[in-house]
Structures are given as C-alpha cells and as structure tokens.
Novice: 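Below is the structure I would like to discuss, written out as structure tokens.
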Number of protein chains: 2
Amino acid sequence: MSGVTTHIVDDDPAVRDALQWLLQSRGVLSQTWKSANEFLTFASRDLCGCLLLDVRMPGMSGIELFDRLRALDCRLPVIFLTGHGDVPMAVQALKDGAFDFVEKPYDANALVDKVLAAIECDGIRSARDGSILLLRQKLGQLTQREQEVMQRILAGKLNKVIADELGIAMRTVEVHRSHIFEKMHVRSAVELSQVLGLLGDKPES
Amino acid sequence: MSGVTTHIVDDDPAVRDALQWLLQSRGVLSQTWKSANEFLTFASRDLCGCLLLDVRMPGMSGIELFDRLRALDCRLPVIFLTGHGDVPMAVQALKDGAFDFVEKPYDANALVDKVLAAIECDGIRSARDGSILLLRQKLGQLTQREQEVMQRILAGKLNKVIADELGIAMRTVEVHRSHIFEKMHVRSAVELSQVLGLLGDKPES
DNA sequence: CCGGTGCCTGCGGAAATCCACAATAGTCAC
DNA sequence: GTGACTATTGTGGATTTCCGCAGGCACCGG
C-alpha cells in the first residue's frame with residue numbers, strides 16, 4: 001500500500017521541481033514523473049492521493065493519459081495544469097471527471113488548496129471503494145445456490161415461494177438463508193438489503 | 001405543469017431570436033427572457049427542460065442568476081453561453097454544477113446536441129425527484145409513533161425489542177408495523193428498506 | 001355530545017422464521 | 001480412497017410475525 005502521495009507528471013524538470021517544492025513546503029508528499037508513459041507503467045488501481053497532470057507534453061498528452069487511467073479503472077482525482085488551455089478543453093476535461101483544471105501560471109496557494117481538496121476527496125472515495133470491495137468479497141464467498149436464494153430474499157419472497165421456484169425443500173432454503181446471513185455478516189434480511197444498497201448506487205462524488 | 005421547455009436568458013434580442021429559431025428548427029420548444037431578473041420572477045422548482053444562460057448581462061450576471069436558482073432549489077440544468085469567458089470561470093461554473101459552458105460564437109449543431117443532452121438529463125433527474133417526493137409524501141402520512149417504530153424496524157430490531165424500547169406492548173408494535181407497511185405501500189421490511197434507500201443517496205448526476 | 005383519529009392493549013390462531021441434530025449424495029483435490 | 005465442500009432433506013420445537021376481533025383512553029372539531 002503506497003501512502004497518500006501527489007503524483008506530478010510534467011515534461012519540464014523546472015516545473016516538476018517547483019511543484020514538488022511547493023507541495024513539500026505545505027506538508028504534501030509528492031512524486032514526479034517525466035512523461036505520461038512513465039507514470040502509466042506505475043499506475044495502478046489502488047493509488048491514494050491525487051494527480052497533477054500537465055496537458056501538453058511530448059508523446060502522450062495529459063488528456064490521453066487521463067483517458068487511459070480511466071480505462072485502467074484508476075480513480076485518482078486529476079488536476080490538469082496547462083499553459084495553453086482553452087475553455088472547451090477545460091469543459092471537456094471536467095465533464096469527463098477531472099477534479100480541476102488550472103492555467104499556468106498558477107497561484108501557488110490556490111493550487112495547494114486544490115490539491116488538498118483533491119486528496120480529501122480521494123480519501124472519501126477510497127474509503128467507500130474499500131467497503132464496496134469488501135462487500136464484493138463477501139458476495140464472492142457465496143455459493144451459486146446461495147446467490148440465487150439471496151436474490152429472491154431481496155425480492156421479498158417467502159421461503160416457501162423460493163423453495164417452490166428453485167424446486168427444493170423449504171428446509172434447504174432455510175439452511176441457505178442462514179449461511180447467507182453468516183457469510184455476509186448480517187443478522188436479518190433488512191440489514192442485508194441495506195448493506196447491498198451501496199452496490200446499486202452510482203459512484204459519483 | 002409546464003412542459004419541457006428550454007429557457008433562453010440573454011440581453012441581446014438578436015441572440016435570443018437566433019437561439020430560439022435554431023432550437024425550433026430542431027423541434028425544441030423554447031421561451032426567451034430579457035434579463036436574469038425577469039426569469040427569476042418566473043423560475044420555480046418544478047420547471048422541466050434546460051436553461052441557456054448568457055454570462056455577461058447588464059444587471060444580474062448569468063453566474064449570479066445561477067447561484068440564486070440553486071438557492072431556490074431550482075435544479076434545471078444550465079448551459080452557459082458567453083463571448084468573454086475564461087478557463088477559471090468555466091471551471092468554477094462546472095464545479096458548481098453547471099451542465100455545460102459554451103463560448104460564442106457557438107457551433108449550432110453542437111449546441112443543440114448539448115441542449116438535447118441537458119433535457120434528457122433533466123428528465124431523468126425530475127423522474128427521480130418525483131419518486132422521492134412521493135416517498136416523502138408517504139413518509140409524511142406516518143404518525144409520530146409509526147415513524148419511531150419504522151426507524152427501529154429498519155435497524156433490524158425484533159418487535160419484542162421495539163416494544164421494550166418504546167415501553168408499549170408487542171401487540172401495539174405489530175399494529176404500527178402493519179400500518180406502516182400499508183401507508184408506505186410495501187409488503188415487507190425488506191421492501192421498505194429498499195424503497196427508503198433512495199433517500200439516503202446523494203442526488204448527483 | 002358525538003364522531004373521527006391516534007394510540008394502546010389483550011386473546012387466540014395461522015403462518016413463517018430460526019435452529020439444533022442428523023443424514024445422504026455428488027464433486028474435487030490430495 | 002479419504003476428506004473438504006456443497007447441496008439436499010427430514011424431524012421437532014422455540015420464537016416471531018401477521019392478523020382478525022374486541023375493547024379502552026384521550027383529544028379535537030362540529
């Protein structure tokens with residue numbers, strides 16, 4: 001597990017250093033990358049913190065890196081930095097889920113504030129993602145049959161009906177039911193439906 | 001109930017007419033307003049469609065109108081139109097929840113597409129808002145006591161425990177329970193918790 | 001005063017849930 | 001083959017839920 005780190009991707013060494021120094025002066029750990037590709041080889045789903053991304057770079061652009069990260073299911077909040085941005089580009093980036101879009105030259109204090117906000121936002125997200133992951137893990141422990149039964153329990157069906165639908169004895173349904181509760185760490189169908197409520201919701205922020 | 005309408009707010013008559021004509025040519029009904037104030041007197045929570053908003057206007061600016069509408073709980077998706085926009089302004093608007101931010105001169109086809117997207121988005125939102133409203137209405141029909149009981153049912157407590165906590169007989173709890181199910185139009189505690197799941201979720205889109 | 005509503009309670013029974021104990025059978029890996 | 005896991009079923013009983021029937025008490029508006 002890599003800690004909370006701000007990843008800086010920029011082809012200009014001076015910019016990288018300035019940003020790293022700025023963040024360090026405010027107590028924010030950071031790591032720098034010379035190109036989109038370099039970061040991409042390192043990127044994974046479970047990074048924590050945020051990403052400061054230059055738009056215009058030789059090779060892969062920041063925008064393209066952004067898209068690729070999304071494809072890799074990397075949900076790190078992204079703050080774009082650019083000296084040659086225009087409104088449509090900023091709008092598109094934000095609509096695609098970027099956290100912010102800042103023009104160079106940037107205001108140091110404001111930028112740090114944005115980074116801090118992004119980090120906090122990511123903390124919330126990753127906490128929620130964690131509990132969802134745990135939930136999926138528990139769900140994965142369920143047998144095929146148990147999942148079939150669970151689905152019908154959540155539909156509010158009586159054990160008798162479920163047994164009928166699956167062509168098995170009511171007693172068997174009861175056994176599955178108790179196994180489900182045990183594996184999902186809940187003690188009633190109500191709790192179960194509440195816990196599973198998290199899954200259906202869209203992961204917006 | 002006013003139907004799905006695109007509201008155009010711009011101080012320039014030529015722009016208003018051009019936009020209205022453009023939208024009409026693509027089958028989108030619209031209504032025009034000469035100023036932010038004029039629209040504000042008309043605005044209400046239950047408008048349907050979208051809002052095309054000029055940023056720079058004499059008197060109240062589009063941004064300010066936007067803020068006021070949010071304060072009035074008017075959730076109409078807003079597309080900003082401006083000839084003098086900059087990146088920070090666009091970023092701020094989008095982060096505040098604007099649907100889009102378009103520079104003049106605009107591309108006619110692209111703009112109409114954005115309007116259509118906004119209208120569709122609003123349709124989804126208003127449908128969800130409608131069901132939430134209905135839900136709150138049903139909740140409002142519940143007696144004080146019934147709400148207390150419901151809360152404990154959702155906590156997964158047994159009737160016996162609930163009776164104990166409220167200092168009443170178990171039979172009474174049962175009566176409340178059945179009244180709750182009846183008023184909420186559900187037939188089990190599981191359904192109840194699922195229906196109420198909609199309320200807890202943030203209304204993002 | 002009377003009717004309506006909300007809140008509370010008891011009785012008794014049908015139906016459903018929960019659970020311990022006990023057992024059969026198929027699959028799969030070691 | 002043996003052991004682990006899964007699916008299945010049964011018996012029997014304790015507990016809980018659900019519901020109709022019946023009644024009491026308080027408050028409030030006509």
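In this text the structure is predicted, and so the values were computed from the model without any measurement. Chain A is the first sequence line, chain B the second, and so forth, proteins listed ahead of strands; every chain is numbered from 1.
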Novice: Cut-off 3.5 Å, no hydrogens considered: what does the side-chain donor-acceptor table look like for residues 48-58 of chain B, sequence neighbours left out?
Specialist:
| unit_1 | atom_1 | unit_2 | atom_2 | d |
| --- | --- | --- | --- | --- |
| B/D54 | OD1 | B/K104 | NZ | 3.2 |

Novice: What residues in residues 149-159 of chain A put a non-hydrogen atom under 4.0 Å from any atom of DNA chain D?
Specialist: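 The answer is none.
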Novice: Using atom CD of B/E174 as one end and atom P of C/dC8 as the other, report the distance to the nearest whole Å.
Specialist: 14 Å
Novice: With B/E120, which residues qualify under salt bridge (charged side-chain N to carboxylate O under 4.0 Å, His left out), at least two apart?
Specialist: none
Novice: Would you mind reading off the distance between B/E191 atom CD and D/dT17 atom P, rounded to a whole angstrom?
Specialist: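 Value for this atom pair: 18 Å.
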Novice: Can you check the B/Q144 CD to C/dC8 P distance for me, whole Å?
Specialist: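 Going from B/Q144 (CD) to C/dC8 (P), I get 11 Å.
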Novice: So does A/R171 reach the base of D/dT11 with its side chain, donor to acceptor, closer than 3.5 Å?
Specialist: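 Pair found.
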Novice: Side chains of residues 186-198 of chain A: which donor-acceptor pairs under 3.5 Å do they make with residues two or more places apart or in other chains?
Specialist:
| unit_1 | atom_1 | unit_2 | atom_2 | d |
| --- | --- | --- | --- | --- |
| A/S188 | OG | A/E191 | N | 3.2 |
| A/E191 | OE2 | A/R187 | N | 3.4 |
| A/S193 | OG | A/V190 | O | 3.2 |
| A/S193 | OG | B/S193 | OG | 2.2 |
| A/Q194 | NE2 | B/L154 | O | 2.8 |

Novice: Is the phosphate of C/dT9 approached by B/T172 (side-chain N or O, under 4.0 Å from OP1 or OP2)?
Specialist: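 B/T172 to C/dT9 OP1/OP2: side-chain N or O found under 4.0 Å.
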Novice: What's the NE2-P distance between B/H179 and D/dC19, to the nearest Å?
Specialist: 11 Å
Novice: Report the residue (A/A189 or B/K183) whose heavy-atom-nearest nucleotide on DNA chain C is the more 5′ of the two.
Specialist: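 Whichever sits nearer the 5' end wins; that is B/K183.
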Novice: Record whether the side chain of A/R145 comes under 3.5 Å of the base of C/dG26 through a donor-acceptor pair of N or O atoms.
Specialist: no
Novice: Nearest heavy atom decides the nucleotide; on that basis, is A/S188 or B/L166 closer to the 5' end of DNA chain C?
Specialist: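 Result of the comparison: B/L166.
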Novice: Search all heavy atoms of A/P88 against all heavy atoms of B/E103 and return the closest pair with its distance.
Specialist: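 Nearest heavy atoms, A/P88 then B/E103: CD-OE1, 3.4 Å.
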Novice: If I take atom CZ in residue A/R187 and atom P in nucleotide C/dT17, what distance separates them, rounded to the nearest angstrom?
Specialist: 18 Å
Novice: Are B/N37 and B/S35 close enough that a side-chain donor and a side-chain acceptor fall under 3.5 Å?
Specialist: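 No - no donor-acceptor pair under 3.5 Å links their side chains.
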Novice: Pairs under 3.5 angstrom only: tabulate donor-acceptor contacts from the side chains of residues 173-182 of chain B to other protein residues two or more places apart or in another chain.
Specialist:
| unit_1 | atom_1 | unit_2 | atom_2 | d |
| --- | --- | --- | --- | --- |
| B/R177 | NH1 | B/N159 | OD1 | 2.7 |
| B/S178 | OG | B/V175 | O | 3.1 |

Novice: Atom NZ of A/K160 to atom C1' of C/dA15: distance rounded to whole Å?
Specialist: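 That distance rounds to 7 Å.
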Novice: Side-chain polar contacts of residues 130-141 of chain B - donor-acceptor pairs under 3.5 angstrom, sequence neighbours left out - could you list them?
Specialist:
| unit_1 | atom_1 | unit_2 | atom_2 | d |
| --- | --- | --- | --- | --- |
| B/S131 | OG | B/R128 | O | 2.8 |

Novice: DNA chain D: B/V175 or B/S178, which has the more 5' nearest nucleotide?
Specialist: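 Result: B/S178.
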Novice: NE2 of B/H176 versus P of D/dC18: gap in Å, rounded?
Specialist: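 Atom NE2 in B/H176 sits about 15 Å away from atom P in D/dC18.
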Novice: Whole-Å distance between C/dT17 P and A/L192 CG?
Specialist: 15 Å
